[in-house]
Protein chains: 2
Amino acid sequence: MYKDLKQFVSQFADLGQAEWEAVMPLIETRELRKNDYFVREGEVARYISFTQSGYLRVFYNHDGDEITRDISPLHTFVTALPSFVSQTPSYEIIQAITDCELFVIYHDNLEFLYDSYSNWQRVGRRVMEEMFVQTQSRIYAFITQPAEVRYKEMMKQFPDIFQHVPLQYIASYLGITSQSLSRLRRSVQFDG
Amino acid sequence: MYKDLKQFVSQFADLGQAEWEAVMPLIETRELRKNDYFVREGEVARYISFTQSGYLRVFYNHDGDEITRDISPLHTFVTALPSFVSQTPSYEIIQAITDCELFVIYHDNLEFLYDSYSNWQRVGRRVMEEMFVQTQSRIYAFITQPAEVRYKEMMKQFPDIFQHVPLQYIASYLGITSQSLSRLRRSVQFDG
DNA sequence: GACTTTTTTTAACATTTGGTAAAAAATGAA
DNA sequence: TTCATTTTTTACCAAATGTTAAAAAAAGTC
């Protein structure tokens with residue numbers, strides 16, 4: 001149980017028995033069906049989730065379009081962070097793209113955990129550091145690479161996502177329209 | 001002394017006398033002249049800095065071009081984070097755009113501080129959370145707004161930067177060439 | 001299976017931004 | 001100041017991506 005979660009967290013800190021026993025009772029399992037919402041617009045993101053199976057999409061509405069901020073790879077933490085950290089209504093929406101099994105922890109329980117176990121606070125800090133660095137690379141990609149290269153990189157890094165996630169979501173994650181993605185896929189198909 | 005630093009940090013946690021007395025001996029003052037390097041390419045970022053005065057630029061080389069990742073607003077933390085967190089050689093370069101007065105803390109001292117004072121660990125986590133959220137808004141801007149809007153927003157948010165920072169750096173921060181920025185500034189000048 | 005709805009693709013044209021080159025302006029150094 | 005260097009601007013053309021509209025394909029529903 002929690003094998004993937006333990007493995008993920010152990011990248012960031014060596015947690016002892018005590019730390020794991022403290023977190024266990026705070027974790028709840030939550031199952032979502034495809035298209036179910038994890039966070040709705042205007043709702044406070046009360047928990048953070050670790051994706052045990054399935055795919056979540058974090059997006060927001062902009063002039064009638066949905067902009068995908070993130071498509072959660074398996075076995076990572078996901079939440080509407082601006083809402084979660086400040087416990088204010090969320091503009092980000094989180095929805096299940098496929099059936100999902102999630103491990104969730106409530107905000108207040110996580111804060112309690114952070115304050116009680118310095119090592120968990122450390123995990124929180126390290127996770128955020130890594131997320132920040134990853135996000136910076138994404139900006140780097142936006143500035144230095146055309147959409148076609150960003151698309152190919154995504155295919156390399158997350159090949160399995162394309163079997164589960166509608167192309168329009170991938171397009172908006174790449175920062176282009178689905179028409180542009182379609183055109184781009186055709187040209188990739190022909191000249192490699 | 002450390003008035004701005006204290007104010008900045010107090011956004012994230014209420015620190016007591018003990019926490020401040022612990023950090024004081026770890027802080028060093030460092031002065032940079034315009035164009036001095038804070039972190040060179042290939043060098044490990046051994047410290048994080050709080051900008052007391054002046055402007056730093058974080059950038060990296062890409063195909064002979066310099067891509068600006070960040071222009072530090074006053075009174076924030078700056079470091080080459082990918083290098084700093086892993087203590088590996090940095091691809092990011094940090095250079096003083098103007099004369100600067102910095103407060104710096106060595107990586108190992110910061111880790112010591114984090115491990116000794118749960119509240120400092122909390123500050124570290126909260127700072128990273130905020131930086132992540134800010135970076136997300138930047139991606140949002142790249143996806144939803146054309147360069148002209150991003151430029152206007154930057155003028156609104158950091159009006160004083162334009163008096164100190166060469167336009168070419170601002171251009172690459174906005175993700176465009178300096179020629180495009182120049183063209184864009186002209187059209188803004190005419191039709192508001 | 002037949003029908004409806006959603007997603008993806010295609011096409012033509014418009015807009016934004018990049019690339020190259022060179023001039024103009026600003027800055028720095030002797 | 002004068003000269004050299006760097007930065008900013010201008011112009012023209014090319015490339016990438018958006019917009020609009022519609023067709024084709026796929027998925028969902030009864």
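The shown structure was predicted, so the numbers you read here are calculated from the model rather than taken from an experiment. In what follows, chains carry the letters A, B, and so on, assigned in the order in which the sequence lines appear, proteins first and then strands, with residues in each chain numbered from 1.
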Does [N] have OP1 or OP2 under 4.0 Å away from a side-chain N or O of [X]?
{"X": "A:Ser180", "N": "D:dG18", "answer": "yes"}
{"X": "A:Arg183", "N": "D:dT17", "answer": "no"}
{"X": "A:Thr177", "N": "D:dG18", "answer": "yes"}
{"X": "B:Lys34", "N": "C:dG28", "answer": "yes"}
{"X": "B:Arg186", "N": "D:dT9", "answer": "no"}

Q.
Treating B:Arg69 as the side-chain partner and B:Val58 as the backbone partner, does any N or O pair qualify as donor plus acceptor under 3.5 Å?
A.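 It does not hold such a pair.
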
**Q.** Separation of atom CD in B:Glu148 from atom C1' in D:dT17, rounded to whole Å
**A.** 17 Å

Q: Step through it carefully: locate the ring centre of B:Tyr173, locate the ring centre of B:Phe59, and say whether they are under 6.0 Å apart.
A: no

Q. Looking at the rings of B:His75 and B:Phe8, which for Trp means the six-membered one, are their centres under 6.0 Å apart?
A. no

Quick one: which of [options] gets closest to the side chain of [X]?
{"X": "A:Pro166", "options": "D:dT17, C:dT10, C:dT7", "result": "C:dT7"}
{"X": "A:Gln179", "options": "D:dT7, C:dT17, C:dT9", "result": "C:dT9"}
{"X": "A:Leu167", "options": "D:dT17, C:dT8, C:dT16", "result": "C:dT8"}

Q) In the single-linkage hydrophobic clustering (I, L, V, M, F, W, Y; side-chain heavy atoms under 4.5 Å), do A:Phe84 and A:Phe50 co-cluster? A)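 Both belong to a single hydrophobic cluster.
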
